[in-house]
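Structure provided below as structure tokens; questions to follow.
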Amino acid sequence: MATIRKHLRPVFVMFQDGISQVQIEVVLSSINMVLLNAGVNNLIRVTNFGVWRNSGYQKNGKLLPYQSVDWYIARGFQESRNNHQAYVREILVQLWNEPWQIETPHYDVVVLHSDIYDDNCNFVIGSAIKGFGMVISINRFEGLEHSIQIECIKTEVMHEVGHVFGLVPNTRTSNITESLGRHCTNQCVMRQGLAVPHAWIRYSKERLSSKQAFCSQCQQDLRNYFR
Ligand SMILES: [Zn+2]
Ligand SMILES: [Zn+2]
């Protein structure tokens with residue numbers, strides 16, 4: 001009997017203008033890596049919308065709602081408490097409200113190089129909504145040596161995609177911690193890393209040396225999300 005899968009939807013990825021081709025490739029391959037770990041890489045397609053701009057996305061120099069990645073990010077800046085960080089929650093709210101979600105249900109991923117923040121945080125490197133989507137910023141990793149930066153972006157993308165796919169679920173009772181959401185305490189990309197970038201450099205090095213991104217518990221939880 002074939003396994004019945006749930007939560008199968010494509011992943012739509014958009015990038016803020018100014019993110020390099022290498023960084024784009026890293027984000028896409030990291031999302032695919034999670035799909036592989038979850039056992040759904042042949043069932044979920046990742047679509048790269050790049051710096052997405054619909055035809056006629058602006059009028060008289062004004063960005064039209066839901067017609068470009070620029071507009072979502074501009075909303076984040078309009079609702080921001082300052083002028084140098086985007087308010088990540090506003091971007092997620094607008095992704096939630098977008099008409100495209102009704103047309104084609106999908107997981108949303110938006111990647112910024114601008115710094116982002118959320119309520120009660122000076123900054124965040126990402127924010128995810130379970131079963132819906134995520135916004136990340138590579139800003140805090142950009143000053144790092146290139147290869148370390150790339151590995152940190154991978155770790156961060158896998159972490160947030162993990163949240164989108166339900167990690168760490170309430171059903172799990174061991175090796176968990178509540179720290180700005182439910183996180184894993186095993187050697188795993190689902191650990192919380194409040195010390196940015198240091199914790200993420202360490203997690204990335206451990207991921208490389210163990211050749212395993214998700215611990216066996218998270219890997220199982222990931223597979224269960226689609227069952
Ligand atoms: Zn997290
Ligand atoms: Zn884990």
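Every number for a ligand or one of its atoms is a count from 1 in the order of the listing.
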Does CH2 belonging to W96 count more than 12 external heavy atoms closer than 6.0 Å?
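Incorrect, the count does not exceed 12.
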Calculate the angle formed at the Zn ion (ligand 1) by NE2 in H159 and NE2 in H183; 10° precision is enough.
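With the Zn ion (ligand 1) as the vertex, NE2 (H159) and NE2 (H183) sit 110° apart.
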When the aromatic ring centroids of Y57 and W71 are compared, is their separation below 6.0 Å?
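Aromatic pair excluded; centres sit 6.0 Å or further apart.
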Regarding Q212 and Q187, do their side chains bring together a donor and an acceptor under 3.5 Å, going by distance alone?
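Their side chains do not contain a donor-acceptor pair, so the 3.5 Å distance test is not met.
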Atom name, H163 (N, O or S, nearest to the Zn ion (ligand 1))
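For H163, the N, O or S atom at the smallest distance from the Zn ion (ligand 1) is NE2.
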Name the orientation class of the two ring planes belonging to H106 and F12 (parallel below 30°, tilted from 30 to 60°, perpendicular beyond 60°).
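It falls in the parallel class, under 30°.
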Rounded to the nearest 10°, what angle sits at the Zn ion (ligand 2) between SG of C188 and SG of C215?
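Rounding to the nearest 10 degrees gives 110°.
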